[in-house]
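We number each residue from 1, following the sequence as shown. As the structure is a computational prediction, the values presented were derived from the model and not from experiment. Below, each value reflects all heavy atoms present in this structure, side chains not excepted, and no hydrogens, waters or symmetry copies.
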Amino acid sequence: MIIIDGVQIVINSDVEIALRTEIMEKIAFILSFLKGTIPMNRGIGIDPDVVSAPMFLAQNLYTISAIETIEEYENRVRVEEVTFESDGVNGNIIPKVVLAYNGE
């Protein structure tokens, strides 16, 4: 809690925790599917070309697709950074998407 001139600002209130949870669930949903696979909303999801592309191209395609999809379907956050980790064994890449809350 922060108190400035008698005004209390509670950063981890139940409302804010619920809001963060809602946003994170929506982002997880958006980034978990490929475009064209969700009935009634074929535009939501990641570009399917990511799956079969070479690693460096896949990283670029994923980054672009994640940013565009999040901007379109969840305007309360913006993408700050997208990085990738490799498991080193199977050639799998694991994206890490860093978000910033817009305050809306």
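Partners of Glu81 under the side-chain hydrogen bond (donor to acceptor under 3.5 Å, both in side chains) rule, at least two apart in sequence or in another chain, do not exist in this structure. Residues forming a side-chain hydrogen bond (donor to acceptor under 3.5 Å, both in side chains) with Asp49 (at least two apart in sequence, or on another chain): none. Applying the side chain to side chain contact (heavy atoms under 4.5 Å, CB included) rule to Ser86 yields no partners; only residues at least two apart in sequence or on another chain are considered.
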Verdict with supporting geometry, Val97 and Ile27, side chain to side chain contact (heavy atoms under 4.5 Å, CB included) | CA-CA 10 Å; Val97 180; Ile27 297 298; 5.6 Å; no
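You'll find the side chain of Lys96 reaches within 4.5 Å of the side chain of Val98, heavy atoms only. At a threshold of 4.5 Å between non-hydrogen side-chain atoms, the residues Val77 and Asn102 do not count as touching.
Under the 4.5 Å side-chain heavy-atom criterion for grouping Ile, Leu, Val, Met, Phe, Trp and Tyr, Ile93 is connected to Leu57 within one hydrophobic cluster. Follow the hydrophobic side-chain contacts under 4.5 Å out from Ile94 and you never reach Val82; the two are in separate clusters. Cluster membership for Phe84 and Ile64, using ILVMFWY side-chain heavy atoms within less than 4.5 angstrom, is not shared. Residues Tyr101 and Ile30 are members of one and the same hydrophobic cluster, defined by side-chain heavy-atom contacts under 4.5 angstrom among Ile, Leu, Val, Met, Phe, Trp and Tyr.
Applying the ring pair (Phe, Tyr, Trp, His ring centres under 6.0 Å) test to every pair with at least one member in residues 22-49, sequence neighbours left out, gives these pairs: Phe29-Phe33. Applying the side-chain hydrogen bond (donor to acceptor under 3.5 Å, both in side chains) test to pairs two or more places apart or on separate chains, none has a residue in residues 25-39. Evaluation of the side-chain hydrogen bond (donor to acceptor under 3.5 Å, both in side chains) test over residues 56-74, restricted to residues two or more places apart or in two chains, returns Asn41-Tyr73, Glu74-Arg76.
Across Ala66 and Leu31, no two heavy atoms sit closer than the pair CB-CD2, 3.8 Å. The two residues Leu34 and Asp47 make their nearest non-hydrogen contact at CD2-O, 4.1 Å. Closest heavy-atom contact between Val79 and Leu99: CG2-CD2, 4.0 Å.
One finds the CD1 atom of Ile70 at 11.5 Å from the CD1 atom of Ile23 (value rounded to the nearest 0.5 Å). Taken from CG in Asn92 to CD in Glu85, the straight-line distance is 12.5 Å, to the nearest 0.5 Å.
The pair Glu22-Arg20 does not count as a salt bridge, with every side-chain nitrogen at least 4.0 angstrom from each carboxylate oxygen.
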